[in-house]
Amino acid sequence: MEVLWLLPLLVVPILFWTSTTFVFYFKKCFYVAYMMLLAMISIPMCIVKSGGRDIENMRIIRFMVRHVKYFLGLRFEISGWEHLQTGGPYVIISNHQSSIDVLGMMEVLPDRCTTIAKKELLWAGTVGMVCWLGGIVFINRKKTSDAKSVMTDTAKIMLHDKIRLWVFPEGTRNQKGDILPFKKGAFHLAVQAQAPIIPIVFSSYSNFYLRKEKEFKSGTITLKILPKIETKGLTSEDVSSLCDRSYDVMRSVFLEISGQTSQSNGPSNH
Ligand SMILES: CCCCCCCCCCCCCCC(=O)SCCNC(=O)CCNC(=O)[C@H](O)C(C)(C)COP(=O)(O)OP(=O)(O)OC[C@H]1O[C@@H](n2cnc3c(N)ncnc32)[C@H](O)[C@@H]1OP(=O)(O)O
Ligand SMILES: CCCCCCCC/C=C\CCCCCCCC(=O)OC[C@@H](O)COP(=O)(O)O
């Protein structure tokens with residue numbers, strides 16, 4: 001009779017073993033709640049260390065996020081570290097599948113590197129606040145002219161403050177088994193700052209994370225850092241070809257490390 005009250009405690013493990021949908025929602029809720037908690041702890045640390053908004057706070061954020069992968073059963077296999085051994089400013093571009101990308105980003109994030117994010121993230125509670133403290137550049141995707149002028153100002157700050165920027169050139173999350181056509185902002189930014197581009201490719205999450213099917217298993221993510229693409233001497237005239245070149249190299253690596261071939265059914269409007 002006394003053991004009866006223990007039954008509710010068994011419900012969570014039983015659901016964990018028997019329902020993939022439960023695991024999916026459990027992991028998603030855990031991820032959001034835990035990141036909010038980590039952000040709440042990080043906020044005073046950032047304020048004490050830097051007194052406010054400062055790119056150096058990304059070190060604290062990076063340190064705080066690094067262990068989260070273990071709770072979600074994720075592993076990263078990273079190659080190409082040597083390509084990040086570049087001094088001065090550069091623009092990192094990577095594909096964007098999910099908010100889980102933040103975990104991979106924090107595995108490899110170089111010093112003095114922050115990111116471009118949609119302005120709505122600013123309102124994501126403690127996460128939004130810590131993003132602001134980390135110097136994240138917020139853009140309004142609905143107003144191209146505003147977004148462009150923020151990015152042009154950012155190119156100047158990059159040079160002046162010797163910072164690096166991480167941009168998701170697809171401009172949105174995408175799990176279609178391919179890479180979406182790239183927006184041009186990251187390439188204008190790199191050309192305006194005359195800074196190299198370092199592409200980083202995340203393998204497909206489809207072997208462990210399926211949003212539609214409500215599956216979130218353990219898995220390994222391959223993260224490949226590619227050789228830098230120089231922009232010295234390039235002008236705005238060269239942005240389209242730079243964008244196409246970067247897209248082609250990243251797409252072929254994405255298909256290769258995701259175990260797909262180039263005949264995959266991805267977007268064809270590129
Ligand atoms: C302790 C716990 C802590 C937890 C905290 C964790 C912190 C980590 C946070 C991680 C956050 C990650 C968030 C990721 C995102 O939010 S992704 C979404 C936002 N990012 C982007 O959208 C970036 C990519 N988008 C672009 O670059 C776009 O180009 C944009 C600038 C937004 C403009 O959009 P759009 O009009 O749709 O794009 P086009 O590329 O088609 O551009 C239109 C024409 O404008 C020209 N253009 C673009 N940019 C420029 C520029 N800077 N200067 C001059 N001209 C520009 C472009 O060439 C097009 O003209 P043409 O067609 O070539 O004539
Ligand atoms: C109104 C925005 C509210 C967002 C609330 C999210 C709460 C976040 C809490 C924990 C998650 C931790 C890491 C979050 C950072 C990742 C942000 C992200 O991935 O944004 C998506 C954006 O790149 C593209 O957006 P869309 O795919 O166009 O949509």
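In each ligand, atom 1 is the first atom listed, and ligand 1 is the first ligand listed.
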**Item:** Within-cut-off N or O pair, H96 and ligand 1, under 3.5 Å
**Value:** no
Return all side-chain donor-acceptor pairs below 3.5 angstrom for residues 74-84, not counting sequence neighbours, or 'none' if the list is empty.
residue	atom	partner	partner atom	Å
R75	NH2	E77	OE2	3.0

**Proximal atoms of ligand 1 relative to L38 (non-hydrogen, under 4.0 Å)** = 1 (C)
**Message:** Contact between ligand 1 and I136 is defined here as a heavy atom of the residue under 4.0 Å from a ligand atom; is it met?
**Reply:** yes
**Asked** Quick one: side chain to side chain donor-acceptor pair (under 3.5 Å) pairs with a partner in residues 155-168, sequence neighbours left out?
**Response**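 Sorted pair list: S94-W166.
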**Prompt:** Side chain, backbone, both or neither: which part of S42 has a heavy atom under 4.0 Å from ligand 1?
**Reply:**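 Side chain only.
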**Prompt:** Side chains of I100 and L103: closer than 4.5 Å at any heavy-atom pair?
**Reply:** yes
**Request:** Mark whether atom 42 (O) of ligand 1 lies under 4.0 angstrom from at least one protein heavy atom.
**Result:** no
**Asked** Quick one: salt bridge (charged side-chain N to carboxylate O under 4.0 Å, His left out) partners of K224, sequence neighbours excluded?
**Response** E256
**Message:** For atom 25 (N) of ligand 1, tell me which residue out of M129, M151, K183, K184 has the closest non-hydrogen atom.
**Reply:** K183
**Asked** Any salt bridge between E107 and K69, counting N to O under 4.0 Å?
**Response**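 So E107 pairs with K69 through a salt bridge.
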**Message:** Less than 4.5 Å apart, side chain to side chain, heavy atoms only: is that true for I200 and V108?
**Reply:**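 The answer is yes, as the side chains (C-beta and beyond) meet within the 4.5 Å cut-off.
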**Prompt:** Should D244 and K184 count as an ion pair when the cut-off is N to O under 4.0 Å?
**Reply:** no
**Request:** Could you list which atoms of ligand 1 come closer than 4.0 Å to a heavy atom of A186?
**Result:** 27 (O)
**Prompt:** For ligand 1, which part of H188 has a heavy atom less than 4.0 Å away: the side chain, the backbone, both, or neither?
**Reply:**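 The side chain, only.
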May I have a table of the N/O to N/O pairs between ligand 2 and the protein that fall below 3.5 Å, each row giving the two atom names and the distance to 0.1 Å?
residue	atom	partner	partner atom	Å
ligand 2	23 (O)	H96	NE2	2.5
ligand 2	25 (O)	K118	NZ	3.1
ligand 2	27 (O)	T172	OG1	3.0
ligand 2	27 (O)	R173	N	3.0
ligand 2	27 (O)	R173	NE	2.7
ligand 2	27 (O)	R173	NH2	3.3
ligand 2	28 (O)	R141	NH1	2.9
ligand 2	28 (O)	R141	NH2	3.2
ligand 2	28 (O)	T172	OG1	2.6
ligand 2	29 (O)	K118	NZ	3.1
ligand 2	29 (O)	R173	NH2	2.8

